[in-house]
Amino acid sequence: MADDKDSERPMHSDPDEEAIDEPTTSGAQEADETAWMMKEGVTIGLISIMAVLVLALGLLQGTGVVDVFAPIADTNFGQWIAFGVLVLVVIAVFAWSRVGV
C-alpha cells in the first residue's frame with residue numbers, strides 16, 4: 001500500500017482505517033445509517049449550544065452582571081458551587097450522549 005506520497009501524509013492518519021468493505025445495498029440499512037447520523041448531529045449540536053450557554057452564564061456571573069443563582073445560594077461561593085453543579089450536569093449529559101457510540 002505504500003506509494004511515493006507516504007512521506008507527505010500526516011502521521012497516525014489512515015482515511016480507510018474504518019472503511020466499510022461493502023457499500024450499502026439495502027434501503028433499510030441506508031435509512032438506519034441516516035437516522036443514526038441525524039441523531040448524532042442533533043445531539044452534538046444541542047450539547048454544543050448548552051456548553052456555550054453555560055460559558056456565557058459563567059462569564060456573566062463572574063463579572064457580576066447577573067445573579068442567576070441568588071435564589072439558590074446567598075453567598076458568592078455558594079453561587080459558584082451551583083454553577084459548578086450546572087457544569088457537571090452538562091458534562092454528564094454529554095457523556096451520556098456518547099454511550100453506545
Side-chain angles (χ1 to χ4, degrees):
M1 270 288 300
D3 59 10
D4 295 335
K5 297 187 180 192
D6 276 346
S7 62
E8 297 174 10
R9 290 189 180 142
M11 296 293 290
H12 307 295
S13 175
D14 189 6
D16 296 328
E17 185 176 324
E18 297 179 13
I20 300 173
D21 293 334
E22 299 175 10
T24 302
T25 56
S26 70
Q29 181 184 4
E30 184 177 348
D32 288 343
E33 290 177 4
T34 302
W36 180 81
M37 287 187 292
M38 293 285 288
K39 182 188 82 159
E40 290 300 309
V42 168
T43 302
I44 290 173
L46 290 175
I47 296 297
S48 299
I49 290 169
M50 284 176 37
V52 168
L53 290 175
V54 167
L55 175 67
L57 180 64
L59 291 172
L60 290 170
Q61 182 77 24
T63 57
V65 174
V66 296
D67 269 341
V68 176
F69 301 110
I72 298 171
D74 294 334
T75 65
N76 194 21
F77 182 72
Q79 291 180 11
W80 282 110
I81 293 293
F83 178 74
V85 169
L86 181 63
V87 168
L88 289 177
V89 166
V90 169
I91 291 171
V93 168
F94 176 74
W96 176 75
S97 72
R98 301 285 88 205
V99 173
V101 174

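In this text, all values refer to a predicted model and were calculated from it rather than measured experimentally.
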Is there a path of hydrophobic side-chain contacts, each under 4.5 Å between heavy atoms of I/L/V/M/F/W/Y residues, joining Ile72 to Val65? yes

Which Ile, Leu, Val, Met, Phe, Trp or Tyr residues join Val42 in one cluster when any pair of side-chain heavy atoms under 4.5 Å counts as a link? Leu46

Value rounded to 0.5 Å, distance of OG1 in Thr34 from NZ in Lys39: 13.5 Å

Are Val54 and Val66 linked, directly or through other ILVMFWY residues, by side chains that come within less than 4.5 angstrom of each other? yes

Residue pairs passing the side chain to side chain donor-acceptor pair (under 3.5 Å) test where at least one lies in residues 62-71, sequence neighbours excluded: none

Given a cutoff of under 4.5 Å between side-chain heavy atoms of I, L, V, M, F, W and Y, with clusters grown through shared members, what are the other residues clustered with Ile44? none

Please enumerate all residues that pass side-chain contact (heavy atoms from CB on, under 4.5 Å) together with Leu55, with sequence neighbours excluded. Leu59

Show me the donor-acceptor pairs, under 3.5 Å and distance only, between side chains in residues 77-92 and residues at least two apart or in other chains.
unit_1: Gln79; atom_1: OE1; unit_2: Gln61; atom_2: NE2; d: 2.6
unit_1: Trp80; atom_1: NE1; unit_2: Asn76; atom_2: OD1; d: 3.4

